[in-house]
Number of protein chains: 2
Amino acid sequence: MSSQSTVPPRRTRIQQEKRELILEAALEVFSTHGFRGSTIDQIADAAGMSKPNLLYYFRRKEDIYETLMERLLKTWLAPLRELDDSGDPIAEIRGYIRRKLEMARDFPRESRLFANEILQGAPRIMPLLEGELKELVDEKAEIIKGWMRAGKIVKTDPWHLIFSIWATTQHYADFDVQVRAVLGPDRGAEGRFEDAARFLENLFIHGLAPHKD
Amino acid sequence: MSSQSTVPPRRTRIQQEKRELILEAALEVFSTHGFRGSTIDQIADAAGMSKPNLLYYFRRKEDIYETLMERLLKTWLAPLRELDDSGDPIAEIRGYIRRKLEMARDFPRESRLFANEILQGAPRIMPLLEGELKELVDEKAEIIKGWMRAGKIVKTDPWHLIFSIWATTQHYADFDVQVRAVLGPDRGAEGRFEDAARFLENLFIHGLAPHKD
DNA sequence: CTAACGTTTGTCCAATCGGTCAAAAATTGC
DNA sequence: GCAATTTTTGACCGATTGGACAAACGTTAG
């Protein structure tokens, strides 16, 4: 009785290494030019191999993109998964913001690739958005609602809260060139990250902490 | 003595109408497929004319894109320009958020086109970001700083405040498909907008209002 | 050493792309 | 109505694209 999920085909050592090399190169290329804007030649160049050689490891351009997308989504949702029902609400949300911001800093190409896909209407990952993603968000929204009912944080819409955390943190990856252009060269990447972390923490914590009146 | 700025060439009535038709079609196509992902044929189809005919009005594909970008930037910055030094700080910021959110609702294609350009490194509008945009943001940041010094709003980083307003509002245009996928079909576009407006208002006003202790 | 298998390359192809051009058709000014 | 001008079209072109393929090359197990 075979498992329902697709079994990854057996691969040689060289195949594993080269596939990894190609995916790394493809991430670089796809994330800056989008799917249609990227060519197999560009990816092959970036990976240091010829086009037919690349096509030996991935038969179609789409296969590379899809493999990349599958991996991406797993790591992308990890920070939200960690949001813990039993933790302190304010600390949990602060932690989530920080983890999300760290991902924007450490994996900007993944963020841009994802943004590109969504911008174009998510033609390849729509089922995942309506399935896995929606389920996860609904589940966490319920947790946040519990915190609100308990008076731990101010009553507001948990879905839009999650959206606003996504938006503000990913902004520093997706709109990086704009952020840099506006802030000027004075403050380096590290400083920008610290400033952003401090600002977002203040905004969300003050915006969510229960206020007397 | 001629003016420094480029004088728009004289055009016939048909030229004005057809150029407008093309730009409208191009906005639709470019905003969903990006520059490289869009073809002249697609735009010509959407505009209801043949490719050579389209090329009679715009000699190159880039010309269409650049014309679109120029117009876009003007309307895009309008909401921030309206931020008024002499107004009530909280009301001014609330008004800015609302105007920005209304733009995301009413001009989602423009928002996505802009996002696409920035995502790919802003190759065609970088000078504008470092020039006009930076100047405007710096000027408004100074106003916000004044409000902070006067104790009207909590002391925080005005640049990152502006970024976070951009990020949260534009999110509803750029990531619309994701928002819809997560929220489900229950709540229509109008309801989503109202919820988002109420949430963001709460977040930013509570997050920025001076708090005692 | 050698046969089997895995890897790499050069060459080629059909489709699509942005763009040209000359001629036909429509419009306009007189 | 007619000539000048503007607009539209079909045919075409060179470049680029994703991908196929067979032959050459490397590697490995017996």
Side-chain angles (χ1 to χ4, degrees), chain A residues 7-70 113 116-117 120 123-124, chain B residues 7-70 113 116-117 120 123-124:
Chain A
V7 182
R10 206 157 297 186
R11 296 198 221 283
T12 69
R13 180 184 50 84
I14 292 185
Q15 268 171 354
Q16 289 192 20
E17 288 174 7
K18 289 294 170 82
R19 281 175 65 95
E20 221 51 50
L21 205 74
I22 291 168
L23 289 172
E24 158 65 27
L27 176 59
E28 185 71 30
V29 176
F30 279 140
S31 67
T32 52
H33 300 102
F35 179 76
R36 278 218 49 189
S38 307
T39 70
I40 302 184
D41 278 301
Q42 279 177 329
I43 300 172
D45 270 3
M49 61 178 73
S50 65
K51 181 169 68 169
N53 195 9
L54 181 148
L55 285 168
Y56 171 71
Y57 294 103
F58 290 90
R59 313 230 331 246
R60 301 179 312 139
K61 184 185 173 185
E62 281 221 26
D63 291 348
I64 312 175
Y65 188 82
E66 281 168 11
T67 307
L68 226 38
M69 271 291 161
E70 269 173 44
L113 182 62
N116 237 309
E117 171 72 11
Q120 317 210 338
R124 297 156 218 272
Chain B
V7 182
R10 203 159 302 186
R11 294 198 221 283
T12 69
R13 179 184 50 85
I14 292 186
Q15 268 170 355
Q16 289 192 21
E17 288 174 5
K18 290 293 171 85
R19 282 176 64 94
E20 220 51 51
L21 205 74
I22 291 168
L23 289 173
E24 158 64 25
L27 175 59
E28 185 70 31
V29 176
F30 279 140
S31 66
T32 51
H33 300 103
F35 179 76
R36 278 218 49 190
S38 308
T39 70
I40 301 184
D41 279 299
Q42 278 178 328
I43 300 172
D45 269 3
M49 61 177 72
S50 66
K51 182 169 69 170
N53 196 9
L54 182 147
L55 285 167
Y56 170 72
Y57 294 102
F58 290 89
R59 312 229 331 248
R60 301 177 312 139
K61 184 184 172 186
E62 281 222 24
D63 291 347
I64 312 175
Y65 189 82
E66 281 167 12
T67 307
L68 226 38
M69 272 290 161
E70 267 173 46
L113 182 62
N116 238 312
E117 171 72 12
Q120 318 211 337
R124 297 157 217 272

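No hydrogens, no waters, no symmetry mates; every other heavy atom, side chains included, goes into these values. Letters A, B, ... mirror the listed sequences (proteins, then strands); counts begin at 1.
A heavy-atom distance below 4.5 Å is not found between the side chains of A/F35 and A/Q120. A/H33 has its side chain out of reach of A/N116: every pair of non-hydrogen atoms, C-beta onward, lies at least 4.5 Å apart.
Residue B/Y56 places at least one side-chain N or O under 4.0 Å from the OP1 or OP2 atom of D/dT7. Put simply, A/Y57 has a side-chain N or O that comes within less than 4.0 Å of OP1 or OP2 on C/dT8. The side chain of B/N53 places no N or O atom within less than 4.0 Å of a non-bridging phosphate oxygen (OP1 or OP2) of D/dT7. Side-chain N/O atoms of B/S50 include none lying less than 4.0 angstrom from OP1 or OP2 on D/dT8. Listed pair B/Q15 / D/dT6 fails the phosphate criterion, with no side-chain N or O lying under 4.0 Å from OP1 or OP2.
Rounded to the nearest 0.5 angstrom, A/M69 CE and A/E62 CD are separated by 11.5 Å.
Nearest to the side chain of A/I40, among C/dC17, D/dG18, D/dC21, sits D/dG18. When the nucleotides D/dG19, C/dG18, C/dC21 are ranked by their closest atom to the side chain of A/R60, D/dG19 comes out on top. Nearest to the side-chain atoms of B/L55 among the listed nucleotides C/dC21, C/dG19, D/dG18 stands C/dG19. Side-chain proximity of B/R36 to the nucleotides D/dG18, D/dT17, C/dT9 is greatest for D/dT17.
Separating the CD atom of B/E17 from the P atom of D/dT6 is a distance of 17 Å, rounded to the nearest angstrom. Counting to the nearest Å, the P atom of D/dG18 and the CZ atom of A/F58 are 16 Å from each other.
One donor-acceptor pair, N or O on each side, does fall under 3.5 Å between the base of D/dG18 and the side chain of A/K51.
Heavy atoms of A/K18 sit under 4.0 angstrom from primed sugar atoms or phosphate atoms, though from no base atom.
Counting only distance, with no hydrogens or angles, the side chain of A/R36 and the backbone of B/S38 share no donor-acceptor pair below 3.5 Å.
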